[in-house]
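Treat the numbers as computed from the prediction; the structure is a model and nothing was measured.
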Amino acid sequence: MVENKLVHSPLITYGSMLSLLSFTPPFVILMWYTNVHADGSILKTFNHLRENGLQGLIDIWPKPTAIAGKLIICYALFEAALQLLLPGKTVEGPISPTGHRPVYKANGMAAYAVTLITYISLWWFGIFNPAIVYDHLGEILSTLIFGSLVFCVLLYIKGHVAPSSTDSGSSGNIIVDFYWGMELYPRIGKHFDIKVFTNCRFGMMSWAVLAVTYCIKQHEEYGRVSDSMLVNTILMLVYVTKFFWWEAGYWNTMDIAHDRAGFYICWGCLVWVPSIYTSPGMYLVKQPVNLGLQLALYILVAGLLCIYINYDCDRQRQEFRRTNGKCTVWGKAPSKIVAAYTTTSGEKKTSLLLTSGWWGLARHFHYVPEILAAFFWSVPALFNHFIPYFYVIFLIILLLDRAKRDDDRCKAKYGKYWKLYCEKVPYRVIPGIY
């Protein structure tokens, strides 16, 4: 069995897998259609589907086109080239359950800077108009939906016939293997890490690229960029900048170190991130809101504070790990638990579990400022429609589920030490509540 995957009952697990495999692709198209062609009104989209049924969905689903394919391929090749060619510090990932330690080249911040400078320069000098991306967004998303499904099938086949490391294997169930993935660290050759590409260089990078695109398109439509769009874009770009600044830390998280490369992670990053994570900005392109200077600044400052706290949580834990606990946390020596565990190969190891600072408030406290940051870059849309807040609702569900899966994984890994940890830090996400 793929390690620690069925943390829910089999009925819930298989039901959720089949539901997500079936409904997320059309949902991406409905999100795009509602924001771009239905004035952000879920009711308009619902009425269209109610009146026309399945044919209504078929009618609004854009066909993949050559121009969409060219834009995606050029972008993907550009990001792959930056991942391979830009210089970067060598960074080791965490030791896997089989004792394997992946090695990465940390050049994400450089790739991010080159990408944004190149994209904005192409627009500034009249070489390429990013508004074309918005104008063909439906076709791009449609092409990504089908192309990424093919990509996931190829990953499934690769996991069977040519795994990159010992961190691979089948659960014996084709649905589980396709959905969760076969390999933990799939690579092409020795140096091109597939999950770094899908998660970071395609998915997260597209978030920033599309945020800039939406600003440029709104400027083209109205001759100005609204203060609501500016607040939304600034906060999203600061968040993505924080991500790439901290990218080496991301390689220690559940996404990379525990979740295998399948539909859930790879299709999600290739399709769901560009379409859903950017949706508040997608909505604002044609529904600009005038906040006024005072409200805009309040929202901006609150959002920046949340992003900083989220960053400081990760920084605190990274520094704790880097120094092997020999650091200060909030001005004091850190409180910690030394937890012993055994790898699948039988090797004895220990980990340090931080129980002070942000990590003394709750076991996954860093999810609180992350959710609040998402709220603050969505709230510039105000409350005329619900759809700008779908990402916030989705993020809450995603992170609460991730917190449960991570707790279950740690409980199985650390046993009595995890029980001791939970006694010291009793709350899972929200101090005093949950």
State, to 0.1 Å, how close [X] and [Y] come at their nearest heavy-atom pair, and which atoms those are.
X	Y	result
S226	Q218	N-OE1, 2.8 Å
Y367	V429	CB-CG1, 4.2 Å
T115	A111	OG1-O, 2.7 Å
C200	F244	O-CZ, 3.3 Å
L291	P380	CD2-O, 3.6 Å
A374	Y391	CB-CE2, 3.5 Å

Would you say [X] and [Y] make side-chain contact, with heavy atoms under 4.5 Å?
X	Y	result
I42	H385	no
L184	H100	no
S19	L21	no
L284	P280	no
V212	P130	no
I216	N129	yes
R317	N252	no
Y414	K419	no

- D255: salt bridge (charged side-chain N to carboxylate O under 4.0 Å, His left out) partners, not counting sequence neighbours: R402
When rounded to the nearest 0.5 angstrom, what distance separates [atom1] in [X] from [atom2] in [Y]?
X	Y	atom1	atom2	result
K217	M282	NZ	CE	13.5 Å
N107	L82	CG	CG	8.0 Å
L304	L235	CG	CG	5.5 Å
L141	L137	CG	CG	4.5 Å
D193	S164	CG	OG	8.5 Å
I276	W32	CD1	CH2	13.5 Å

Residue pair [X] / [Y], side-chain donor-acceptor N/O under 3.5 Å:
X	Y	result
S96	Y185	no
D406	H258	no
K424	S335	yes

Considering residues, nucleotides and ligands other than [X], do more than 12 of their heavy atoms fall under 6.0 Å from its [atom1]?
X	atom1	result
Y298	OH	no
K411	NZ	no
W330	CH2	yes
Y308	OH	no

Between [X] and [Y], does the ring centroid distance fall short of 6.0 Å?
X	Y	answer
F383	Y389	yes
F78	Y119	no
Y75	F202	yes

- Query: Should W272 and F394 be marked as a ring pair (Phe, Tyr, Trp, His ring centres under 6.0 Å) after you check the CA-CA gap, both sets of side-chain angles, and the distance that decides it?
  - Reply: CA-CA 11 Å; W272 194 255; F394 160 76; 5.5 Å; yes
- Message: Between L49 and F46, is the side-chain contact (heavy atoms from CB on, under 4.5 Å) condition met? List the steps.
- Response: CA-CA 5 Å; L49 295 177; F46 175 76; 5.7 Å; no
- Task: Using side chain to side chain donor-acceptor pair (under 3.5 Å) as the criterion, point out the one residue from E247, E79, Q83 that pairs with R201.
- Result: E247
- Item | Qualifying residue for ring-ring contact (aromatic ring centres under 6.0 Å, His included) with W207, from F243, Y277, Y214 |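 The ring-ring contact (aromatic ring centres under 6.0 Å, His included) with W207 is passed solely by Y277 among F243, Y277, Y214.
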- Task: Please confirm whether R187 makes a cation-pi placement over Y104, using NZ or CZ under 6.0 Å from the six-membered ring centre and within 45° of the ring normal.
- Result: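 Yes, R187 sits over the ring of Y104.
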- Step-by-step salt bridge (Lys or Arg N to Asp or Glu O under 4.0 Å) determination, R315 to E319: CA-CA 6 Å; R315 182 205 60 77; E319 182 68 8; 5.5 Å; no
- Task: Given side-chain contact (heavy atoms from CB on, under 4.5 Å), test Q287 with D39 step by step and report yes or no.
- Result: CA-CA 7 Å; Q287 283 79 226; D39 305 319; 4.0 Å; yes
- Query: Salt-bridged, D408 to R405, with N to O below 4.0 Å?
  - Reply: no
- Audit row: T24, F263, side-chain contact (heavy atoms from CB on, under 4.5 Å) steps and yes/no: CA-CA 11 Å; T24 49; F263 176 90; 3.7 Å; yes
- Apply salt bridge (Lys or Arg N to Asp or Glu O under 4.0 Å) to the pair R260 and D167, showing each step before the final yes or no. CA-CA 9 Å; R260 296 187 178 202; D167 297 294; over 6 Å; no
- Message: My understanding is that only residues two or more places apart in sequence, or in another chain, count here; which of them pass side chain to side chain contact (heavy atoms under 4.5 Å, CB included) with P426?
- Response: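 Not a single residue meets the side chain to side chain contact (heavy atoms under 4.5 Å, CB included) criterion with P426.
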- Item | side chain to side chain contact (heavy atoms under 4.5 Å, CB included) involving N47 - partner list, sequence neighbours excluded |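 Side chain to side chain contact (heavy atoms under 4.5 Å, CB included) check on N47 returns L43, R50, E51.
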- Message: Could you go through V285 and M229, starting from their C-alpha distance and side-chain angles, then the distance that decides it, and tell me whether this counts as side-chain contact (heavy atoms from CB on, under 4.5 Å)?
- Response: CA-CA 8 Å; V285 172; M229 179 66 93; 3.7 Å; yes
- Parallel under 30°, tilted from 30 to 60°, perpendicular over 60°: which one fits the rings of Y421 and W418?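 Y421 vs W418 ring planes: tilted.
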- Query: What is the ring orientation for F390 with F27, classed by angle as parallel under 30°, tilted 30 to 60°, or perpendicular over 60°?
  - Reply: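 Taking F27 first and then F390, their aromatic rings sit tilted (interplane angle of 30° to 60°).
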- Message: Walk me through whether Y112 and T241 qualify under side chain to side chain donor-acceptor pair (under 3.5 Å).
- Response: CA-CA 8 Å; Y112 177 65; T241 303; 2.8 Å; yes
